[in-house]
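First comes the structure, then the notes that go with it.
Treat the numbers as computed from the prediction; the structure is a model and nothing was measured.
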Amino acid sequence: MADYQDFQEYTSRLTRVADVPDYTFHWWKLRPHPRLGTVEIRALDTQASPAHTAALVAAVHCLAKLEAEGKPPPGPPPEILEEASFRAARWGVDATLPDGDGRLRPARELLDETLEIARPHARELGCSEHLATLPELVASGGGAGLQRRAYESGGIDGVLRTLLAFRCIASHTSASR
């Protein structure tokens with residue numbers, strides 16, 4: 001959408017034709033949430049720990065700042081983005097994704113380039129520490145990969161133990177501050 005007014009007009013029309021109460025019923029991959037003053041990103045919902053989520057949020061925050069400054073590299077057409085989204089959902093951090101030239105490249109390789117773009121903004125936004133942990137999260141297979149490995153070795157109980165372990169680590173870290 002071109003700007004916030006365009007978002008409001010489009011959302012108003014879509015809400016009417018979908019016959020839903022408001023914009024929160026539109027399940028987009030990315031959307032502003034005007035009542036909360038935030039941006040919602042659906043792809044971050046499989047993270048096992050707050051630290052993993054913070055790493056991804058730092059990346060999104062930096063890239064949003066880049067976009068807001070009007071300096072982002074030109075993006076691919078929507079059809080290419082849809083394919084990339086499918087590939088990322090299907091294969092996670094092991095996906096090959098289209099780059100700016102339309103070549104398929106490993107997601108991990110594209111992450112390195114994205115981090116180079118994001119780092120200057122991370123310093124300014126105060127999230128460098130969180131952003132720096134993103135390669136570690138990707139190396140571990142991401143939130144979904146961690147949960148799949150836990151399931152393979154211990155079934156649903158293994159997943160629950162893994163998630164609880166991350167929660168205990170997060171609680172202990174918060175309590176020690």
Under 4.5 Å between any side-chain heavy atoms of [X] and [Y], yes or no?
| X | Y | answer |
| --- | --- | --- |
| Gln47 | Leu146 | no |
| Val159 | Leu163 | yes |
| His130 | His61 | no |
| Leu30 | Glu40 | no |
| Leu137 | Ser140 | yes |

How long is the straight-line distance from [atom2] of [Y] back to [atom1] of [X], given to the nearest 0.5 Å?
| X | Y | atom1 | atom2 | answer |
| --- | --- | --- | --- | --- |
| Leu134 | Leu111 | CG | CG | 5.0 Å |
| Ser85 | Ile80 | OG | CD1 | 13.0 Å |
| Glu9 | Asp3 | CD | CG | 8.0 Å |
| Ile41 | Trp28 | CD1 | CH2 | 14.5 Å |
| Asp94 | Arg108 | CG | CZ | 5.0 Å |
| Asp99 | Glu113 | CG | CD | 7.5 Å |

Could you tell me which residues satisfy ring-ring contact (aromatic ring centres under 6.0 Å, His included) with Phe7, sequence neighbours excluded, listed by chain and number?
->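 Applying ring-ring contact (aromatic ring centres under 6.0 Å, His included) to Phe7 gives Tyr4.
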Does Glu83 pair with Arg87 as a salt bridge, N-O distance under 4.0 Å?
->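 Between Arg87 and Glu83 there is a salt bridge, with a charged N closer than 4.0 Å to a carboxylate O.
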Is the closest basic N to carboxylate O distance between Arg123 and Glu129 below 4.0 Å?
->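 Result for this pair is no, no salt bridge flagged.
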Would you say Asp19 has more than 12 foreign heavy atoms packed within less than 6.0 Å of its CG?
->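 No, the 6.0 Å shell around CG holds no more than 12 heavy atoms from other groups.
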Is the CD atom of Glu109 crowded by more than 12 outside heavy atoms at less than 6.0 Å?
->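 Above 12, so yes.
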Is it true that Leu115 and Leu56 fall in one hydrophobic cluster, defined by side-chain heavy atoms closer than 4.5 Å?
->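 Yes; Leu56 is reachable from Leu115 via cluster members.
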Same cluster for Leu14 and Trp27 if Ile/Leu/Val/Met/Phe/Trp/Tyr side chains link at under 4.5 Å?
->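 No, it is not one cluster - the side chains of Leu14 and Trp27 are not joined through contacts under 4.5 Å.
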Which heavy atom in [X] sits nearest to a heavy atom in [Y], and how many Å separate them?
| X | Y | result |
| --- | --- | --- |
| Leu131 | Cys62 | CD2-SG, 4.4 Å |
| His33 | Tyr23 | ND1-OH, 3.0 Å |
| Thr96 | Leu104 | O-CD2, 4.0 Å |
| Ala150 | Thr162 | CB-OG1, 3.2 Å |
| Ala107 | Leu97 | CB-CD1, 3.9 Å |
| Leu63 | Thr114 | CD1-CG2, 3.9 Å |

Assess the side chains of Ser153 and Arg149: does a donor N or O sit below 3.5 Å from an acceptor N or O?
->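 Short answer, no.
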Thr11 and His26: side-chain donor and acceptor closer than 3.5 Å?
->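 Short answer, no.
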Would you say Ser49's side chain and His52's backbone share a donor-acceptor pair under 3.5 angstrom?
->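 Judged by distance alone, yes, a pair lies under 3.5 Å.
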After noting the C-alpha distance and the side-chain angles of Ser128 and Arg119, does the key distance pass the side-chain contact (heavy atoms from CB on, under 4.5 Å) rule?
-> CA-CA 7 Å; Ser128 295; Arg119 279 189 189 102; over 6 Å; no
